[in-house]
Asker: 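Have a look at this one before I ask anything.
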There are 2 protein chains.
Amino acid sequence: MEELDRHIVELLVADGRMSYTDLGKATGLSTSAVHQRVRRLEQRGVIRGYAAIVDPEAVGLSLTAFISVKPFDPSAPDDIADRLAEINEIEACHSVAGDENYILKVRVATPIELEHLLSRIRSLAGVSTRTTVVLSTAYESRPPRI
Amino acid sequence: MEELDRHIVELLVADGRMSYTDLGKATGLSTSAVHQRVRRLEQRGVIRGYAAIVDPEAVGLSLTAFISVKPFDPSAPDDIADRLAEINEIEACHSVAGDENYILKVRVATPIELEHLLSRIRSLAGVSTRTTVVLSTAYESRPPRI
DNA sequence: GATGAAAAGACTAATTT
DNA sequence: AAATTAGTCTTTTCATC
């Protein structure tokens, strides 16, 4: 990827609502030239979209946890990710190498909700769980050095 | 939080570049009313900002891993998060309850880079590490149900 | 708080270099 | 690939309800 494109992506990661005019000023390009490049970055899938960053606390989701998941029956076909997709407390679902099969990142309001969520996950996907509760988050979703 | 504000936040989480005009149409409010509400949501810290969502693969970061971290000397004052802040391969840093003290989420290009990153983390923060490599990501940064 | 109108500014597409 | 132009739409501000 070109240096100019990297710069544009970096600026948009830092401020997803930056105008094309400002992007142009920051990169030394004309408005339409920037716009064209951004459109290409979107089409190539480098930029997947734009999102408002919401403070989970402010929205009542003050408990974050990582849940490692292992199937009760390791020989069964693995459709765990699909089965869990409907649970929207699950923010992320990664298949991993190691002792367990998946790592989930979840957000709930209270410990009781976490308890209920765990039993839902276990019964829905047929898995055992190991939960690591987040105490505090120093940083999160830091932009990658592109 | 009000129903209307929730709706606005939801729309902006799904599309961070949505115009105030479109937000107004979607919520039945006037452009300026929406604008005012969004500004308040930003000021109250509910909306922390806006970002372009970048595909890590497209940007050459195809290896994701979770690193659990434990200090060599548990009695030393804990400045691990601060020490690690300068490493920008670390996307997230959570202090957690459980056997280990921190969970880090990192992204690198290659296994060799992961190896180098691990030794940097160990020496910089004085910690032992346990690494779980991500094989595939079913979903990630799914918007919370607000 | 919400609205409406008007000025300033941003976006888009067609054209040219 | 980038700049320019011109038309359209959006943002922003301000006065008003």
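Sequence lines set the chain letters: A, B, ... in the order given, protein chains first and strands last, and positions in each chain run from 1. All values derive from a computational prediction rather than experimental measurement.
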Asker: Kindly give the heavy-atom pair with the smallest separation between A:L61 and B:P144, and that separation in Å.
Answerer: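 That would be CD1-CB, 3.5 Å.
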
Asker: Choose from D:dT12, D:dA1, D:dT4 the nucleotide whose nearest atom is closest to any side-chain atom of B:Y20.
Answerer: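 Taking heavy atoms from C-beta onward, the closest nucleotide is D:dT12.
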
Asker: Which heavy atom in A:R120 sits nearest to a heavy atom in A:I87, and how many Å separate them?
Answerer: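 Residues A:R120 and A:I87, closest heavy atoms: NH2-CG1, 3.8 Å.
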
Asker: Could you tell me how far apart B:H35 (NE2) and D:dT13 (P) are, to the nearest whole angstrom?
Answerer: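 Taking NE2 of B:H35 and P of D:dT13, I get 7 Å after rounding.
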
Asker: Please check: side-chain N/O of A:Y102 versus main-chain N/O of A:K70, any donor-acceptor pairing under 3.5 Å?
Answerer: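 It does not hold such a pair.
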
Asker: Hey, does B:S19 reach any base, or is it just sugar-phosphate, or nothing, if we go heavy atoms under 4.0 Å?
Answerer: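 If one applies the 4.0 Å heavy-atom cut-off, B:S19 turns out to touch the sugar-phosphate alone, with no base involved.
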
Asker: Check if the side chain of A:S32 and the base of D:dT4 share a donor-acceptor pair of N or O atoms closer than 3.5 Å.
Answerer: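 Yes.
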
Asker: Grab the CD-P distance between B:Q36 and D:dT13 for me, whole Å please.
Answerer: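 The answer, rounded to whole Å, is 12 Å.
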
Asker: For DNA chain C, whose closest nucleotide is more 5', that of A:M18 or that of B:R40?
Answerer: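 Comparing both residues, the 5'-ward one is B:R40.
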
Asker: Taking side chain as C-beta onward, heavy atoms only, is B:R107 less than 4.5 Å from B:E57?
Answerer: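 Side-chain contact under 4.5 Å: no.
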
Asker: Determine the sole option in A:D15, A:I8, A:V9 for which the side-chain contact (heavy atoms from CB on, under 4.5 Å) test with A:L12 is passed.
Answerer: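 Answer after filtering A:D15, A:I8, A:V9: A:I8.
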
Asker: Taking any atom under 4.0 angstrom from a heavy atom of chain A, which nucleotides of DNA chain C are the first and last to qualify, 5' to 3'?
Answerer: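 Nucleotide range with atoms under 4.0 Å of chain A: C:dA10 to C:dA13.
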
